[in-house]
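Just so we're clear, the structure is a prediction, and the values are computed from it rather than from any experiment. No hydrogens, no waters, no symmetry mates; every other heavy atom, side chains included, goes into these values.
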Amino acid sequence: MIPLVEVDLVLASTSRYRRELLSRLSTRLRALAPQVNEAAQAGEAPAMLAARLAAAKAHQVAARTPGAIVIGSDQVADLDGMVLGKPITVKNARAQLAACSGRDVVFHTAICVIDARIDSAPERSAIDTTRVRFRRLNEQEIARYVERERPLDCAGSFKAESLGISLFERIESTDPTGLIGLPLIALCRLLREIGIAVV
């Protein structure tokens, strides 16, 4: 096993949330923006969309970083089969939270690890599924929350790692970091499978 701190670790993402999570495992990492079209394909299920995009991001960046361990990740929020993207605007964030009020939203967070030290190395992948039950939210709560937290770059319009936790009745997950965008338990398992020791 090779220690994680001795490898060229590359995150195929510019997400500050994913970078912060990955830095829990190693501060010796780079983040590169993948050039991937993130549009869903016709009839593509939310979990399959997350898996396809995580793999596409990892492969795209691995092609540019020979010798690296590349991690791609993508998260898709699923409200009864409807994909909730990043809201971008305050109006969209409020509408998303109103739609989620009193309902379950499933977050599919996929990861793909490619060992670019080896030609034609097989990818390793996993999907974490987290179910979030929103409490009933009124318009004033939604407006105050969006104004305070500005979750405009977050699928589902909340940040569970901060004030967004107040919007929920419960979270059902096997990996608490999955909801933030990078399931570290699964990632550590995939790294071990390719001979990388995290600790």
Q | Side-chain heavy atoms of Leu22 within contact of Leu187, under 4.5 Å | A | yes

Can you check whether Val113 reaches Glu123 side chain to side chain, under 4.5 Å on heavy atoms?
-> no

Output for pair (Asp104 CG, Arg133 CZ), nearest 0.5 Å, gives 4.5 Å

Glu141/Arg135 ion pair, N-O < 4.0 Å: yes

ask   = Are the side chains of Thr177 and Arg24 in touch, meaning some heavy atoms are under 4.5 Å apart?
value = yes

**Report entry** Arg124 and Glu193 ion-paired at < 4.0 Å
**Finding:** yes

Any donor-acceptor pair under 3.5 Å linking the side-chain atoms of Glu172 with those of Thr130? no

_Cationic N near anionic O, under 4.0 Å, Asp153 to Arg16_ = yes

Sorted by chain and number, sequence neighbours left out, side chain to side chain contact (heavy atoms under 4.5 Å, CB included) with Thr129 holds for Val106, His108, Ile127

Residue set satisfying ring pair (Phe, Tyr, Trp, His ring centres under 6.0 Å) with Phe107, at least two apart, ordered chain then number -> Phe158

**Prompt:** Step by step, would you call Leu152 with Asn92 a side-chain contact (heavy atoms from CB on, under 4.5 Å)?
**Reply:** CA-CA 8 Å; Leu152 307 182; Asn92 290 344; over 6 Å; no

Is there a side-chain contact between Gln41 and Arg52, using heavy atoms and a 4.5 Å cut-off?
yes

(message) Is there a path of hydrophobic side-chain contacts, each under 4.5 Å between heavy atoms, that joins Val76 and Met48?
(response) no

Task: same_hphob_cluster(Met82, Leu53) at 4.5 Å side-chain heavy-atom cutoff - done: no

Q. Side-chain contact, heavy-atom cut-off 4.5 Å: Leu191 with Ile69?
A. yes

Residue set satisfying salt bridge (Lys or Arg N to Asp or Glu O under 4.0 Å) with Arg94, at least two apart, ordered chain then number -> none

Check your understanding: How about Phe134 and Ser101: do any of their side-chain heavy atoms sit closer than 4.5 Å?
Key -> no

- Item | Shared hydrophobic cluster, Leu97 / Ile171 (ILVMFWY, side-chain heavy atoms < 4.5 Å) | yes

Across all chains, not counting sequence neighbours, the salt bridge (Lys or Arg N to Asp or Glu O under 4.0 Å) partners of Arg192 are none

Practice prompt. Kindly indicate, with the supporting measurements, whether the criterion side-chain contact (heavy atoms from CB on, under 4.5 Å) is fulfilled by Leu29 and Val10.
Written response: CA-CA 6 Å; Leu29 63 99; Val10 179; over 6 Å; no

With sequence neighbours left out, the residues meeting side chain to side chain contact (heavy atoms under 4.5 Å, CB included) with Ser166 are Leu163

CD of Gln75 to OG of Ser15, rounded to nearest 0.5 Å, is 9.0 Å

> Tell me, do Ile114 and Cys112 make a side-chain contact under 4.5 Å, heavy atoms counted?
Replying inline: yes

Pair Ile71, Val61 - check side-chain contact (heavy atoms from CB on, under 4.5 Å), show working.
CA-CA 9 Å; Ile71 300 164; Val61 170; over 6 Å; no

dist Thr109:OG1 -> Ile180:CD1 (nearest 0.5 Å) comes out at 10.0 Å

> Side chains of Ser73 and Arg18: donor-acceptor distance under 3.5 Å anywhere?
Replying inline: yes

Query raised in the report: Stepwise, does the side-chain contact (heavy atoms from CB on, under 4.5 Å) test hold for Leu182 with Ile111?
Result: CA-CA 7 Å; Leu182 188 67; Ile111 55 173; 3.7 Å; yes

Any donor-acceptor N/O pair, Gln60 side chain to Pro34 backbone, under 3.5 Å: no

CD (Glu149) and OG (Ser157) are apart, to the nearest 0.5 Å, by 11.0 Å

Would a single hydrophobic cluster contain both Val83 and Leu79, if residues Ile, Leu, Val, Met, Phe, Trp and Tyr are joined by side-chain heavy-atom contacts under 4.5 Å? no

**Report entry** Any donor-acceptor N or O pair under 3.5 Å, side chains Asp175, Ser173
**Finding:** no

Any side-chain heavy atom of Tyr145 sitting closer than 4.5 Å to one from Lys159?
yes

| message | Quiz question: by atom type and distance under 3.5 Å, do the side chains of Gln140 and Arg144 form a donor-acceptor pair? | response | no

Which of Thr89, Ile88, Leu84 passes side-chain contact (heavy atoms from CB on, under 4.5 Å) with Lys86? Answer is Ile88

Here the gap from Asp128 atom CG to Thr174 atom OG1, rounded to the nearest 0.5 Å, amounts to 4.5 Å

Those residues at least two apart in sequence (or on a different chain) that pass side chain to side chain contact (heavy atoms under 4.5 Å, CB included) with Ser26 are Leu4, Val5, Leu9, Arg28

TODO: State plainly whether one hydrophobic cluster holds both Leu179 and Leu49, where clusters connect Ile, Leu, Val, Met, Phe, Trp and Tyr through side-chain heavy atoms under 4.5 angstrom apart.
DONE: no

In this structure, CG of Leu25 is separated from CG of Leu184 (nearest 0.5 Å) by 5.0 Å

